[in-house]
Every structure is written in C-alpha cells, then in structure tokens.
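Working notes, structure below.
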Amino acid sequence: MATERLDRTRVARTALRLLNEVGLDGLTLRAIAKELDVKAPALYWHFKDKQALLDEMATEMLRRMAADILEAEPPADWREGLAAAMRGLREHLLRYRDGAKVYSGTRFTDASYAGPMEAQLRMLTGAGFTPGAAARAWLTAYSYTIGFVIEEQAMGPDAATGAEGYDLAARAERLADYPLAAGGGGGRVCGLFRKGRDPPR
C-alpha cells in the first residue's frame with residue numbers, strides 16, 4: 001500500500017486536527033509526528049521550528065476562510081459587510097481549540113490573505129474611504145475580532161471541546177454590591193457579533 005506523501009500541507013492539517021484534542025500548549029512536534037506515524041526529525045525537513053509550523057497552520061486556516069469570504073455576496077452597506085466578514089473570521093477561529101491564539105502573531109506563508117483583504121478594501125473604498133482610511137478601518141476590526149476571540153476562548157465555553165467556561169452567576173454573586181459591574185458580565189457578545197449567532201453553549 002502506498003504511503004501518503006509527507007508535505008507542509010499534510011503536516012499543517014494534521015496539526016490543526018490534533019489542536020482540537022490537545023490545545024496549543026499540548027501541540028508539540030513530537031505529538032504531530034506520532035499522529036503522522038513518522039519520526040519527529042522528519043518534520044524539520046518542512047518546518048525549522050514550531051513557530052514556522054504555526055505560521056503554516058494559520059495560513060491553512062486562512063485558506064479555508066478565504067473561500068467563504070470570497071463566495072459571499074457583499075452587502076450594499078459597508079458597515080454590514082465589514083461586520084459580516086468579522087463574524088465569519090470569528091466563526092472560523094472558533095472551529096479550533098485555541099484557534100485565535102494560533103492565528104494571532106503569525107506570518108502567512110503565501111498570499112491567501114490578499115484576495116479577502118482586497119475584497120474588503122474595495123468595499124470600503126467604494127463607500128468613500130480613502131485607501132489609507134480603509135486599511136485602518138479593516139485592521140481595527142480585524143485586530144479587535146482576533147483579540148475578542150482570544151478572550152472568548154480563554155473564558156469559554158470552548159467551541160471546539162464543549163467545555164464550560166466562566167461562571168457568570170458566581171461572578172454576579174461576588175459583585176452583588178456593584179450592580180453595574182455585575183450586570184456588565186451578562187453581555188457575552190458585543191454588538192459586532194450579536195447578529196448571526198451566539199457563542200456555542
């Protein structure tokens with residue numbers, strides 16, 4: 001029986017699958033090699049270190065997102081278009097345990113990001129933004145969304161594993177003397193994400 005060829009894409013896809021089982025802290029090159037039934041040094045032919053692998057994993061995540069973003073019909077209103085794109089980004093990041101942590105702070109290994117970014121910038125400049133203002137608006141929403149999902153995944157519930165998260169009732173009880181602070185804990189989803197779907201329970 002022919003053995004499947006080991007390449008960067010296969011390693012990254014295996015790592016993303018394993019990520020949901022072990023999380024970012026448990027994702028080691030040794031664990032990935034075991035999953036692929038190879039020796040760990042074989043991975044160094046494709047990735048010089050774990051950061052290089054994370055870069056490829058983030059790029060693979062983006063490739064999967066890009067198809068959805070580019071297929072979607074852009075709304076007439078730029079506000080809804082930008083919000084829809086960010087909800088899509090959030091939805092994709094939540095498909096993986098620690099997905100936003102993996103995605104943040106990485107360098108894409110190809111130009112997969114260019115098509116979706118071009119589409120968003122075209123929408124914004126078409127609405128009257130200068131190219132510079134469009135880039136700033138897009139980067140602000142993009143960075144906010146990634147940060148939001150990092151916090152969301154850290155506090156739970158975990159969309160990938162179903163683990164329960166932060167106990168809002170216990171928080172409210174601790175803050176009983178501070179009604180505004182206690183009430184603020186119930187706003188689990190900011191306005192940008194409220195339309196469409198709530199976080200998994």
Side-chain angles (χ1 to χ4, degrees), residues 1-72 85-120 138-139 142-166 193 197 199-201:
M1 185 170 79
T3 304
E4 189 179 353
R5 181 172 170 267
L6 187 67
D7 58 19
R8 289 173 62 89
T9 300
R10 183 177 170 216
V11 174
R13 289 176 178 174
T14 300
L16 284 170
R17 191 169 62 249
L18 191 58
L19 179 68
N20 280 345
E21 297 175 24
V22 301
L24 183 56
D25 291 340
L27 188 69
T28 63
L29 291 176
R30 185 183 301 274
I32 296 164
K34 182 178 179 183
E35 189 75 10
L36 289 164
D37 197 25
V38 298
K39 300 291 185 186
L43 301 184
Y44 288 100
W45 283 100
H46 304 284
F47 301 101
K48 65 178 181 177
D49 53 26
K50 186 176 179 180
Q51 184 57 54
L53 173 59
L54 292 174
D55 290 346
E56 187 63 31
M57 290 169 66
T59 304
E60 178 62 22
M61 291 166 72
L62 181 64
R63 290 182 196 118
R64 296 173 183 183
M65 277 182 235
D68 289 351
I69 293 170
L70 292 174
E71 285 174 9
M86 295 307 112
R87 286 194 299 270
L89 171 60
R90 172 179 174 261
E91 179 183 334
H92 275 273
L93 295 176
L94 287 173
R95 292 179 183 178
Y96 309 94
R97 181 174 172 184
D98 297 327
K101 281 186 182 178
V102 170
Y103 193 79
S104 67
T106 54
R107 296 177 184 271
F108 297 127
T109 60
D110 64 25
S112 299
Y113 65 89
M117 181 187 292
E118 184 75 9
Q120 291 295 301
W138 177 85
L139 182 60
Y142 178 81
S143 300
Y144 174 85
T145 302
I146 294 170
F148 181 92
V149 180
I150 288 173
E151 287 296 317
E152 187 175 14
Q153 290 186 311
M155 301 310 289
D158 190 318
T161 67
E164 289 302 321
Y166 197 73
F193 301 124
R197 65 184 67 195
R201 295 183 183 276

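The first residue in the sequence is number 1, and the count goes up from there.
For the atom pair CG of Leu36 and CG of Leu18, the computed distance is 9.0 Å after rounding to the nearest 0.5 Å. Interatomic distance, CZ of Arg64 versus CE of Met61, reported as 8.5 Å (0.5 Å rounding). With rounding to the nearest 0.5 angstrom, the CG atom of Leu19 is 5.0 Å from the CE atom of Met57. The line from CD of Gln153 to CD of Glu151 is 11.0 Å long, rounded to the nearest 0.5 Å. Distance check, rounded to the nearest 0.5 Å: CG of Leu54 to OG1 of Thr59 gives 10.5 Å. Residue Thr9 holds its OG1 atom at 10.0 Å from NE2 of His46, rounded to the nearest 0.5 Å.
In summary, the side chains of Ser112 and Asp110 do present a donor paired with an acceptor at a separation below 3.5 Å, with no hydrogens or angles considered.
In this structure the side chain of Arg95 never reaches within 4.5 angstrom of the side chain of Asn20, judged on heavy atoms. In this structure the side chain of Leu89 reaches within 4.5 angstrom of the side chain of Ile146, judged on heavy atoms. In this structure, the side chains of Met86 and Trp138 come closer than 4.5 Å at one or more pairs of heavy atoms. Between Leu43 and Leu53, the closest side-chain pair of non-hydrogen atoms is not below 4.5 Å.
Residues satisfying the side-chain hydrogen bond (donor to acceptor under 3.5 Å, both in side chains) criterion with Glu118, sequence neighbours excluded, are absent altogether. Annotation: ring pair (Phe, Tyr, Trp, His ring centres under 6.0 Å) contacts of Phe108 (sequence neighbours excluded): Tyr103, Tyr113. Contacts of Arg17 classified as salt bridge (charged side-chain N to carboxylate O under 4.0 Å, His left out), with partners at least two apart in sequence or in another chain: none.
Judged by distance alone, with hydrogens and angles left aside, the side-chain atoms of Lys50 form a donor-acceptor pair with the main-chain N or O of Leu27 at under 3.5 Å. Proximity of a side-chain donor or acceptor of Gln120 to a complementary backbone N or O of Ala85 within less than 3.5 Å is not detected. Panel note: side chain Asp55, backbone Arg107; a donor-acceptor pair is recorded below 3.5 Å. Judged by distance alone, with hydrogens and angles left aside, the side-chain atoms of Glu56 form no donor-acceptor pair with the main-chain N or O of Thr109 at under 3.5 Å. Not one N or O on the side chain of Thr106 forms a donor-acceptor pair closer than 3.5 Å with the backbone of Ala58. Looking at Arg97, its side chain does come within 3.5 Å of a backbone N or O of Glu21 through a donor-acceptor pair.
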Worked check of side chain to side chain contact (heavy atoms under 4.5 Å, CB included) between Leu62 and His92: CA-CA 9 Å; Leu62 181 64; His92 275 273; over 6 Å; no
Pair Arg5-Arg10, side chain to side chain contact (heavy atoms under 4.5 Å, CB included): steps then yes or no: CA-CA 8 Å; Arg5 181 172 170 267; Arg10 183 177 170 216; over 6 Å; no
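The number of heavy-atom neighbours closer than 6.0 Å to CG of Asp25, taken from other residues, nucleotides and ligands shown, is 12 or below.
Salt-bridge check for Glu91 with Arg87: failed, with every basic side-chain N at 4.0 Å or more from each acidic carboxylate O.
Here the closest heavy-atom approach between residue Ile150 and residue Ser104 is recorded as CD1-OG, 3.8 Å.
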